[in-house]
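Here is the structure we will look at.
All heavy atoms count here, side chains included; hydrogens, waters and symmetry mates do not. Treat the numbers as computed from the prediction; the structure is a model and nothing was measured.
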Amino acid sequence: MSALHVGETLAEILEERDEEQVLWAKRIGCSTKHLSQIVTGRVGLSADIAVRIEAALGLDALTLMRIQVAYDVDVARRRLAEAGAR
């Protein structure tokens with residue numbers, strides 16, 4: 001089973017709360033584009049943004065970072081396995 005990118009979790013929370021990314025971006029002080037890239041999994045979540053999300057939205061920064069790190073480790077393991085298969 002593959003680890004999920006933290007963006008998937010954030011997307012689910014956005015949907016559950018019926019909130020828009022634009023409003024979240026303003027509340028956490030980042031661009032809408034950057035938040036969109038996190039939510040869609042194109043970029044990882046930084047500790048800085050995780051702490052901003054925690055302060056503005058009440059989501060635990062450490063939990064968000066653990067999800068991101070689990071994903072990053074999964075990706076690294078897959079790359080190593082692919083390199084070994086060559």
Side-chain angles (χ1 to χ4, degrees):
M1 180 178 201
S2 299
L4 298 178
H5 190 278
V6 71
E8 293 184 50
T9 301
L10 292 174
E12 288 175 10
I13 294 168
L14 275 162
E15 188 175 323
E16 287 171 5
R17 293 183 177 192
D18 194 29
E19 295 178 336
E20 296 180 15
Q21 283 185 37
V22 173
L23 298 176
W24 271 30
K26 286 181 184 178
R27 288 173 65 189
I28 65 174
C30 78
S31 71
T32 304
K33 179 181 178 181
H34 186 67
L35 182 59
S36 176
Q37 290 174 327
I38 294 168
V39 170
T40 58
R42 288 188 298 244
V43 300
L45 180 69
S46 68
D48 178 64
I49 297 295
V51 170
R52 290 180 190 203
I53 289 171
E54 179 179 71
L57 306 170
L59 303 174
D60 184 64
L62 283 174
T63 298
L64 295 174
M65 290 306 300
R66 285 182 184 110
I67 295 168
Q68 181 64 54
V69 168
Y71 175 81
D72 292 343
V73 168
D74 185 56
V75 169
R77 285 178 175 154
R78 288 172 184 262
R79 286 185 183 146
L80 183 62
E82 288 174 8
R86 291 181 191 164

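Contact between Arg42 and Ser36 at its shortest, heavy atoms only, is NH2-OG, 3.8 Å.
No continuous path of ILVMFWY side-chain contacts below 4.5 Å connects Leu57 to Leu23, so the two sit in separate hydrophobic clusters. Follow the hydrophobic side-chain contacts under 4.5 Å out from Val51 and you never reach Val43; the two are in separate clusters.
Note that CG of Asp72 is 12.0 Å distant from CD1 of Ile67, once rounded to the nearest 0.5 Å. Atom CG of Leu59 sits about 4.5 Å away from atom CD1 of Ile13, to the nearest 0.5 Å. Rounding to the nearest 0.5 Å places OH of Tyr71 at 8.5 Å from CD of Glu8.
Contact check for Trp24 versus Leu10: side-chain heavy atoms found under the 4.5 Å cut-off. Using a 4.5 Å heavy-atom cutoff, the side chains of Thr9 and Leu4 are not in contact. Looking only at side-chain heavy atoms (C-beta outward), Glu54 and Asp60 come within less than 4.5 Å of each other.
Side-chain atoms of Arg52 come within 3.5 Å of backbone atoms of Gly29 as a donor-acceptor pair (strictly under, hydrogens ignored).
Annotation: Glu19, atom CD; neighbour count of heavy atoms from other residues, nucleotides and ligands within 6.0 Å is above 12.
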Using side chain to side chain contact (heavy atoms under 4.5 Å, CB included), reason through Ile53 and Leu45 one step at a time and then give a plain yes or no.
CA-CA 10 Å; Ile53 289 171; Leu45 180 69; 4.1 Å; yes
